[in-house]
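What follows is a single structure, written as structure tokens, with notes after it.
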Amino acid sequence: MAIVTPAILTALRTGYSDIFERARSKAPSQWSDIATRVNSGSAGNTYGWLGQYPKLSEWVGDRTIKSMAAHGYSITNGLYESTVSVRRTDIEDDNVGVYNPLMQEMGYAAGTHPDELVFALLNKGRETDCYDGKKFFAADHPVYPNVDGTGSKTDVSNLLRPAAVESQITDKTAWYLLDVSRPLKPLIFQERTAPELQAITDTRQDHVFTRDEYLFGVRYRCAAGFGFWQQAVCCTDDLNADNFELALLTLQGFKADGGRPLGLGRGGKAGLRLVVPGSLYSAALDVVGVQLLSGGGTNKWYDAATVINCAWLDA
């Protein structure tokens with residue numbers, strides 16, 4: 001039987017922290033493929049510059065200073081935790097190793113938490129506002145003839161067949177085509193603090209005294225939000241070659257305020273992501289993952305996009 005001393009508790013904290021960090025660093029992650037990571041230095045960040053696509057023009061005389069439409073899109077950091085207990089009797093009986101898998105699972109949960117936030121937000125894009133005050137996936141995003149956001153707007157949709165999507169919003173499986181070729185990706189992952197494993201192991205703490213157990217918990221501050229809606233298209237119709245082509249043409253047709261083409265959807269496999277839940281993974285491979293068609297001939301969309309088979313979209 002081990003005597004529970006401060007040195008043993010310190011060694012236990014160090015060992016569990018190492019297990020936690022190793023598991024967190026090895027956790028499979030897909031979020032960074034579709035979201036830009038932003039460090040946050042406060043309770044939240046305001047992205048007033050969203051909607052601005054700068055362009056160069058010939059410099060003749062003084063600089064031409066163009067005012068841009070101002071937006072007040074803010075992302076507030078959330079606070080997340082997960083806590084487990086370790087019985088003192090297990091430490092006394094040299095049985096602390098049974099908790100190693102639990103600490104690994106906590107590390108895995110912390111490592112995949114950004115994926116849960118980012119892809120859950122993508123799935124809520126038909127219900128959640130973005131920087132222009134419209135839902136991220138909407139039929140009426142305003143695009144203006146002037147770069148400063150003035151003039152008579154034109155409504156632009158990043159929903160394929162929007163009337164059908166709105167009528168099927170609760171019972172149809174959505175898939176997404178995203179352009180990730182720009183410095184800012186379609187979604188934002190904002191991190192205020194890195195995940196850390198905290199511990200209560202002081203016998204003078206009320207919980208330790210009354211429950212005869214020590215606590216180990218994860219603390220994490222972060223959030224997910226939307227970037228440019230022009231870099232994403234949502235469809236709830238069948239995932240097939242015709243609808244993939246329609247989604248790609250829609251993406252390629254988007255323009256910034258002022259009428260400037262954005263050049264999206266032209267990066268091929270390196271710059272396009274076809275994001276699907278597991279139920280549509282086979283259909284996604286049929287569209288962009290096979291070179292030869294079953295009826296003969298070659299598939300013109302082979303390797304046109306990288307498929308992301310995302311478990312978090314099934315949640």
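All of these numbers come straight from a predicted model, not from anything done at the bench.
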Give a yes or no on whether a salt bridge exists between Glu21 and Arg24, defined as a side-chain N under 4.0 angstrom from a carboxylate O. yes

Minimum-distance pair of heavy atoms, taken over all atoms of Asp132 and Pro142: OD2-CD, 3.4 Å

Scan side-chain atoms only and decide if Ser85 and Arg211 contain a donor-acceptor pair under the 3.5 Å cut-off. no

For Arg266, does the CZ atom have more than 12 heavy-atom neighbours from other residues, nucleotides or ligands under 6.0 Å away? yes

Count the heavy atoms belonging to other residues, nucleotides or ligands that lie under 6.0 Å from CZ of Arg13, then report whether that count exceeds 12. yes

How are the rings of Tyr131 and Phe228 set relative to one another: parallel (under 30°), tilted (30 to 60°) or perpendicular (over 60°)? perpendicular

Atom pairs and distances, donor-acceptor, side-chain atoms in residues 215-223, under 3.5 Å, two or more places apart:
residue : atom : partner : partner atom : Å
Tyr220  : OH   : Glu191  : OE2          : 2.5

Test of understanding: with side-chain hydrogen bond (donor to acceptor under 3.5 Å, both in side chains), list the residues that count as partners of Asp18, not counting sequence neighbours. none

Distance-only donor-acceptor pairs under 3.5 Å for side chains of residues 290-298, two or more places apart:
none

Does either side chain, that of Thr83 or that of Glu81, offer a donor lying less than 3.5 Å from an acceptor on the other one? yes

Would you call Asp129 and Lys134 a salt bridge, using N to O less than 4.0 angstrom? no

Residues Asp206 and Thr210: side-chain donor-acceptor under 3.5 angstrom: no

Can you tell me if Gln190 and Asn77 form a side-chain donor-acceptor pair at under 3.5 Å? yes

Do Tyr302 and Leu246 sit in one hydrophobic cluster, given that two such residues count as connected whenever their side-chain heavy atoms are within less than 4.5 Å of each other, even indirectly? no

List the steps and the verdict of side chain to side chain contact (heavy atoms under 4.5 Å, CB included) for Trp175 and Val287. CA-CA 13 Å; Trp175 52 273; Val287 174; over 6 Å; no

Any Lys/Arg nitrogen of Asp155 or Lys153 sitting under 4.0 Å from an Asp/Glu carboxylate oxygen of the other? yes

